[in-house]
Amino acid sequence: MVEARRFPIGEPILEVKNISLRFGGVRAITDTSFNVFRHEIRAIIGPNGAGKSSLLNCINGIYKPQEGTIALNGEVLDKISPNIVARKGLSRTFQNLALFKRMSVLDNILVGRKLHMSANFLSVALRLPEAVREERENRAKCEEIVEFLEISHIRDTPVGRLPYGLQKKVELGRALATEADILLLDEPMAGMNVEEKRDMCRFILKVNDEFGTTMVLIEHDMGVVMDISDNVVVLDYGKVIGDGPPDEVRADRAVIDAYLGVAHD
Amino acid sequence: MNTNVVFMGYTRSDLTNLVVVLALALLVIPLTVESDYWYASILIPWLCLALAAVGQQIVMGYAGQLALGAAGFMAAGAFACFNLILRVPYMPFPVALALSGLIAAAFGVLFGLPSLRVRGIYLMVATLASQFFIVWMIDKFGWFKNYDTSGIITAQDIVIFGKTFTTPLEMYLVVVVVVAVLTIFAVNMTRGSTGRSWMAVRDMDIAAESMGISLLRTKLQAFAISAFFCGVAGALFAFTYLKSLEPVAFDIKLSFKILFMVILGGLGTISGAFIGAAFILLFPVVLNSLGNNVFHGAIDATIISAAEQVVFGVLIIVFMIYEPLGMAKLWENVKQRFNFKRAPTAALSKTQAT
């Protein structure tokens, strides 16, 4: 990123304010606030059990936090469920792969186009011209994504048969197909080898650069985090203990103590 | 896949298959099969039950909702059709058939509601309510049976555009046309965005929801469409096969039969519904004639019929162990093996077919 960005970082797109989430007596997240800015790549890091995934699940509407508000594009999401949040322009991937296992790669990605397809079941059943046209256009769109992610050779394979790294790619493809303003990626590189990680980073940067998509990603590989993110939020025991550019966060005393540990070198 | 689409999103092979099947059903069979037994006792019930199995396939094989109660919706459709023709003057049979489907669909939505809360085997138990409630309701309130006390009501004649369809061949043609049209609709839905939403809910509901799919709408839609198919199938079953209406014909045994058709045929394939229905219907007939011809009465008939059940049960178990994806998958494997010899690339790109 030597040249100027095509989509400079802008105003907050996602505002998390004083979120608290409890499961019975367990406090998963306590009074957490941070902003994600338009067009940035934001990493969320923290030790295991710090509440990172729970936080994404709150933003996405799977969990309902007991306190606090989440605003997307300046609009406070009050009655949130995942499908309503999706309609407002937010999409995501999951930590433990949540693909449609018996469907082909292309069909998985086509499900991501759901919100761009409006034909009802009757026009689909009758193959009315509008339904046929819509299907053709969205298929073409998905072919582009498949091409972009370099997975054309497996487009008709049921995803359940694919190796892990490829499944992760398909899941990214499905999220990209939504053309959401903001993507939440829950450990997109977990369990990948170096090469696959490098590929994944390339795709994330490319998407951010070409479409200006805001990315929020949870990642454990510090090298990756420092390389690709514009800002980093550090969580520990459900609390924000650091928030800022990677270099600043890396130098922060509290962060070092909690997460990075004492420097070895 | 996209390159050989020739018409309305269908590929050349889709259209070839369609033409072959329709020619077989509408020309070859009517011209060659003369025996009424074949129409009245094999082809008509097979098509009717296959249509109900398509309905079961939609809710279970595609939308992944373990529902058990197809026969309840069939009863709703059958008695709705009877009452519509009885009570509405000049009610044409095709319209009555479609309305019966819609009435069954309304029941489908109602009994699909538990799917929003429970899943799996618990949903299966909850959906049994449709089976028991609908049949009980028809039995309990005389109005549905037009206050007939004999328990068996004769179905009205099928009249379409002034022509009465009475012979087995004529009835067969009515059934074929209805089943063909609805099956094409089902194939279109399962291959289009509607079916993808169902399958997404089946495979990973939380991800489906995160892609903007409303679970409530998608599940209830699947239940409604499934019940529509079952309702129409039930009306056809009563009017062309049983030629009478009695609630006991739609008991839980029939629901289980339809469930087995779908499981044996192969979950998540429309063709599986037809193959499974053929297997379940024909197998007892084959076993029976085999028993009679091989043993020539050396063994008591009651023992043969008991053995039939045992063999049938064993076969189901064996089948489930060795090919859990059903007979449609078996057929697919055979086809692929032949394709592979001829053109390896074609076989590889055909990893899945509906």
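In what follows, every chain begins at residue 1, and chains take the letters A, B, ... in the order their sequences are listed. The structure presented is a predicted model; accordingly, all values stated were derived computationally and were not measured.
In this structure, chain B has heavy atoms under 4.5 Å from both the backbone and the side chain of A:Val124. Proximity to chain B is limited to the side chain of A:Phe94, based on heavy atoms less than 4.5 angstrom apart. Looking at B:Ala186, neither its backbone nor its side chain comes within 4.5 Å of chain A, counting heavy atoms on both sides. Residue A:Val85: no heavy atom, backbone or side chain, is found under 4.5 Å from chain B. With a threshold of 4.5 angstrom between heavy atoms, A:Ile84 does not approach chain B through any atom at all. Using a 4.5 Å cut-off between heavy atoms, A:Arg92 contacts chain B through both its backbone and its side chain. Using a 4.5 Å cut-off between heavy atoms, A:Arg174 contacts chain B through both its backbone and its side chain. Heavy atoms of A:Ile154 lying under 4.5 Å from chain B are absent altogether.
For B:Tyr322, the OH atom is loosely surrounded, since the number of other residues' heavy atoms within 6.0 Å does not exceed 12. Atom OH of A:Tyr164 has more than 12 heavy atoms from other residues, nucleotides or ligands within 6.0 Å. Atom CZ of A:Arg27 sits in a sparse spot, with 12 or fewer heavy atoms from other residues, nucleotides or ligands closer than 6.0 Å. The local environment of CZ in B:Arg217 is sparse, with at most 12 non-hydrogen atoms from other residues, nucleotides or ligands closer than 6.0 Å.
Here the closest non-hydrogen pair linking A:Phe100 and B:Ala207 is CE2-CB, 4.0 Å. Smallest separation of non-hydrogen atoms from A:Ala86 and B:Glu209: CB-O, 4.4 Å. Nearest heavy-atom pair across B:Ser193 and A:Ala119 is OG-O, 4.3 Å. Taking both residues in full, the closest heavy atoms of A:Leu115 and B:Met211 are given as CG-O, 3.8 Å, listed atom of the first, atom of the second, then distance. Pairing each heavy atom of B:Phe185 with each of A:Leu126, the nearest pair is CZ-CD2, 3.2 Å. When all heavy atoms of B:Arg191 and A:Arg139 are compared, the closest pair comes out as O-NH2, 4.4 Å.
The CE atom of B:Met199 sits 8.5 Å away from atom OG of A:Ser104, with the distance rounded to the nearest 0.5 Å. Here the CE atom belonging to A:Met117 is positioned 8.5 Å from the OG1 atom belonging to B:Thr194, to the nearest 0.5 angstrom. A distance of 7.5 Å separates CD1 of B:Ile225 from CG of A:Leu122, quoted to the nearest 0.5 Å.
By the 4.5 Å heavy-atom criterion applied to side chains, B:Ile213 and A:Val111 are counted as neighbours. At least one side-chain heavy atom of B:Ile206 sits under 4.5 Å from a side-chain heavy atom of A:Ile62.
Note: A:Pro82 leads A:Gly112, A:Pro82, A:Ala175 in heavy-atom pairs under 4.5 Å with chain B. Note on B:Gly195, B:Ser210, B:Ser214: by heavy-atom pairs under 4.5 Å with chain A, the leading option is B:Ser210. With chain B as partner, the option from A:Leu90, A:Thr178, A:Leu110 having the largest number of non-hydrogen pairs under 4.5 angstrom is A:Leu110. Highest contact tally toward chain A, considering only B:Ala200, B:Gly192, B:Gly9, is held by B:Ala200 [criterion: heavy-atom pairs under 4.5 Å].
Interface with chain A: from residues 108-120 of chain B, no residue qualifies, criterion being any non-hydrogen pair under 4.5 Å.
For the pair A:Glu135 and B:Arg196, the salt-bridge criterion is met [side-chain N within less than 4.0 Å of a carboxylate O].
With B:Asn188 contributing its side chain and A:Ala125 its backbone, the two residues share a donor-acceptor pair below 3.5 Å.
Contacts of A:Lys88 classified as salt bridge (Lys or Arg N to Asp or Glu O under 4.0 Å), with partners at least two apart in sequence or in another chain: A:Glu75. A search for salt bridge (Lys or Arg N to Asp or Glu O under 4.0 Å) contacts involving B:Arg202 returns nothing, not counting sequence neighbours. Residues passing the side-chain hydrogen bond (donor to acceptor under 3.5 Å, both in side chains) test with A:Glu179 are A:Arg113, sequence neighbours excluded.
Counting only N and O atoms by type, the side chains of B:Ser197 and A:Lys114 include a donor and acceptor under 3.5 Å apart.
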A:Leu99 vs B:Met204, test: side-chain contact (heavy atoms from CB on, under 4.5 Å). Steps then yes/no. CA-CA 7 Å; A:Leu99 284 164; B:Met204 189 58 79; over 6 Å; no
